[in-house]
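Residue numbers begin at 1 in each chain, while the letters A, B, ... track the order of the sequences.
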Amino acid sequence: MSITTSLPGFRDFYPRELAARSHIFAAWREAARRFGFEEYDGPPLEPLELYTDKSGDEIVRQLYNFEDKGGRAVTLRPEMTPTLARMAGARAGELRKPIRWFSIPQLYRYERTQRGRLREHFQWNVDVVGEEGVAADAEILAVALQSFQLLGLSAQDVVARVSDRRLLEALLLHAGVPADRLMAAYAAIDKLSREEERVIRDRLAKEAGLGAAAIDQIFRIFAHPDFESLTAAYRDVPGVAEELARLGEYFGILGALGFGAWVTFDPRIVRGLAYYTGIVFEVFDRKGELRAVCGGGRYDQLLEQVSGVSLPALGFGMGDVVLRELLADRELLPSGEPAGDYYLVAVGEPERRVVREMATRLRRAGWSAIYSLRAAGVKAQFKDANARGVRRVVVVGPDEVASGQVAVRDMASGAEERVRIESLGEATATAQRR
RNA sequence: GUGGGCGUAGCUCAGGUGGUUAGAGCGCCAGGUUGUGGCCCUGGAGGUCGCCGGUUCGAUCCCGGUCGCUCACCCCA
């Protein structure tokens, strides 16, 4: 039986797709580097218990888990944060705080595929551990936005919607939501931008057990068009003022970092993961055609739950699948042409040996150099060079060998230049190297 | 887990209401001679019409199942 396809929800990366992936990874790593984050990684297979209590039931329901040959309950990692929490917690004593780490793990979920969601994806994770101040929250979102900028996207293309669970909690308590109904209320509010108002009202009444008065109060919160309006209305409410002040400072820092236009306040952002405790955000395409490209926030209790070490932490994940779609829509993905440096054409059999020697010289100088692996006509070799997108072709025949000079043809312009064989690759070495 | 759409060459797709050798474009390969590509021309290879079963004299076309893809829901990275 021949196998020609991958498992459902898993991707093959042909050179063209891998070029796009590498392009995205390069932007992620560059943004992380500019912000001083160090790269780490962990195992793709983890004990099931790492996720069962910390991430919420829904993630666990869709784990790609199984029993290994040693009878251990294991799972392919669905997210990186618990791994990070374990690693950071284990060496919390020796690591300089705040820890600034990032990773690009491949993550797995067992669920039906749909647009932007597969059973496997790569996710850029950037986290700060050991800093409770709001400056860290701003820094985390800024590095995410920096990556978009590096990929050619602007504040016209994407927007970060930000909220704070502490603020939302204070507002909901003020609206009359009992403390033990907060999670149910969050779940309903999370649907606010997708469902009609009466559906949300219905859920708040049934699932959160709220009365009509409380529900009215809740909708009054979300009726405010922006942060200033909400602040004006609630700044005198006990417990809310300090939350508003913190968010205000947060927006101020992002403005100073040059990302003010990219960020907007949106109290409807809740995020599903159970461990978030503070500022949370999601980044969307402005056209609203795709699901969230990126999401994250503060999770101050998770390290203690996982490792027993109490350290505040925050971070985000940005998946490659939706991002790739967004970049493709905006025509911001590389074409994927290999674009080698040199293709060496041997006119006849005697020159094939010369070509190999030239290739070796070029390769040792750092250039890419290829030639036909079997004897072929000059025309065929040129066609091959052209089809492979090689930048320059060098023709080597009896005349060239005799004179010690070869013709180097620039394939894009068609211009040819005569170069001494010994100095091939030197003249343009600094100028044209990619 | 639930529901909708789709499944014909490597890719994108055509193939009125079932009928004899299933097509196109792109791609691929080979030519258009003797040392120069991209354009053009000619030719060629390549398909159990996803798979299994049913209806029928006969099915790519109808029916059922199955697998896969896809979109949405649930939920969420």
| request: Specify whether A:W262 and A:F259 have parallel, tilted or perpendicular ring planes, treating 30° as the upper limit for parallel and 60° as the lower limit for perpendicular. | output: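 Perpendicular, since the angle between the ring planes exceeds 60°.
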| Is the backbone of A:Y186 close enough, under 3.5 Å, to the side chain of A:R165 for a donor and an acceptor to pair up by distance? |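 No: the side chain of A:R165 does not pair with the backbone of A:Y186.
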| Roughly how far apart, to the nearest Å, are B:rG7 and B:rG54 at atom P? |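 Those two atoms are separated by 23 Å.
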| Whole-angstrom distance between B:rU8 and B:rC40, as gauged at atom C1' |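 Going atom to atom, C1' in each nucleotide, I get 31 Å.
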| message | Using OP1 and OP2 only, check whether a side-chain N or O of A:T113 sits under 4.0 Å from B:rC69. | response |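 A:T113 to B:rC69 OP1/OP2: no side-chain N or O under 4.0 Å.
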| Can you find a donor-acceptor N/O pair under 3.5 angstrom joining the side chain of A:R271 to the base of B:rC76? |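 It does not, because no donor-acceptor pair links the side chain of A:R271 to the base of B:rC76 below 3.5 Å.
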| No-H, no-angle donor-acceptor pair, A:R112 side chain to B:rG1 base, under 3.5 Å |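 Result: no qualifying N/O pair found.
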Looking at every strand, decide which applies to [X] at a 4.0 Å heavy-atom threshold: base, sugar-phosphate, or nothing.
{"X": "A:D399", "result": "base"}
{"X": "A:Q381", "result": "nothing"}
{"X": "A:A412", "result": "base"}

| task | Using atom CG of A:L118 as one end and atom C1' of B:rC69 as the other, report the distance to the nearest whole Å. | result |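 A:L118 atom CG is separated from B:rC69 atom C1' by 12 Å.
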| said: If you apply the rule salt bridge (Lys or Arg N to Asp or Glu O under 4.0 Å), what do you find for A:D41 with A:R77, and how did you get there? | reply: CA-CA 12 Å; A:D41 199 1; A:R77 59 187 175 194; 3.3 Å; yes
